[in-house]
Amino acid sequence: DDVDVLLTHGPPRGHLDLAVPRGFGMGRKHAGCEHLLHAVTQRVRPAFHVFGHIHEGYGTETDGATTFINAASCTVRGQCTQPPIVFDVPARHPTREPVEAGA
């Protein structure tokens, strides 16, 4: 509950991780990490998890607790055509008035 944004290289399994295998007639397969999925959903529980690596998975989704962001900017062919994904992180606490010295 203390982590706003978690940044990793690759995705957790099952979240924006469908990749096209190299081979004729093969379907897309999940390429994310099962251990990372467990760490993100059971231990860390960030508000946002940002990653890339699986170019075909570009985009966003949520499981209701974490927003998953695959920010891979290049296509699977290496062309940088995906627009950046911009998001706001809400403040955890309301802005506090500054405390004067000696008060």
Side-chain angles (χ1 to χ4, degrees):
D1 293 337
D2 292 334
V3 177
D4 291 321
V5 179
L6 174 66
L7 181 63
T8 62
H9 178 75
R13 185 162 194 84
H15 291 283
L16 305 168
D17 69 333
L18 285 175
V20 178
R22 296 180 187 191
F24 181 74
M26 298 178 71
R28 294 169 55 140
K29 294 186 178 185
H30 290 284
C33 177
E34 188 72 36
H35 297 289
L36 182 58
L37 174 65
H38 179 72
V40 170
T41 60
Q42 303 300 314
R43 189 167 50 92
V44 181
R45 299 180 187 183
F48 300 90
H49 181 195
V50 182
F51 48 87
H53 188 59
I54 306 301
H55 302 273
E56 305 97 303
Y58 171 85
T60 64
E61 68 181 30
T62 184
D63 66 0
T66 298
T67 298
F68 298 90
I69 303 171
N70 182 331
S73 58
C74 294
T75 66
V76 71
R77 295 178 189 243
Q79 299 169 323
C80 293
T81 58
Q82 307 288 18
I85 296 174
V86 178
F87 63 99
D88 294 318
V89 178
R92 286 182 174 260
H93 305 286
T95 304
R96 299 180 186 151
E97 295 296 320
V99 177
E100 293 183 33

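Reckoned from all heavy atoms, side chains included, excluding hydrogens, waters and symmetry mates.
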Qualifying salt bridge (charged side-chain N to carboxylate O under 4.0 Å, His left out) pairs with a residue from residues 47-74, counting only residues at least two apart or across chains =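 Found none.
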
inquiry  = Restricting to non-hydrogen atoms, name the atom on P11 and the atom on D17 that form the minimum distance, rounded to 0.1 Å.
reply    = CG-CB, 3.6 Å

query = What's the shortest heavy-atom distance between L18 and I54, and which atoms?
reply =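 Here L18 and I54 meet closest at O-CG2, 3.6 Å.
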
Could you go through residues 75-90 and list every donor-acceptor pair under 3.5 Å that involves a side-chain atom there, pairing it with any protein atom two or more places apart or in another chain?
from: T75; atom 1: OG1; to: R77; atom 2: N; distance (Å): 3.3
from: T75; atom 1: OG1; to: Q79; atom 2: N; distance (Å): 3.3

ask   = Hey, what do you get for NE2 (H49) to CG (L6), rounding to the nearest 0.5 Å?
value =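 Separation between the atoms: 4.5 Å.
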
request  = Tell me, with the steps shown, if V40 and R45 meet side-chain contact (heavy atoms from CB on, under 4.5 Å).
outcome  = CA-CA 5 Å; V40 170; R45 299 180 187 183; over 6 Å; no

request  = Could you tell me whether the side chain of H55 and the main chain of C74 form a donor-acceptor pair under 3.5 Å?
outcome  = yes

inquiry  = Using ring centroids (six-membered ring only for Trp), state whether H53 and F51 fall under 6.0 Å.
reply    = no

Treating Ile, Leu, Val, Met, Phe, Trp and Tyr as nodes and any side-chain heavy-atom pair under 4.5 angstrom as an edge, say whether [X] and [Y] lie in one connected cluster.
X: L37; Y: V50; answer: no
X: V3; Y: F48; answer: no
X: L36; Y: I69; answer: no

ask   = Taking the six-membered ring for Trp, are H15 and F68 parallel (under 30°), tilted (30 to 60°) or perpendicular (over 60°)?
value = parallel

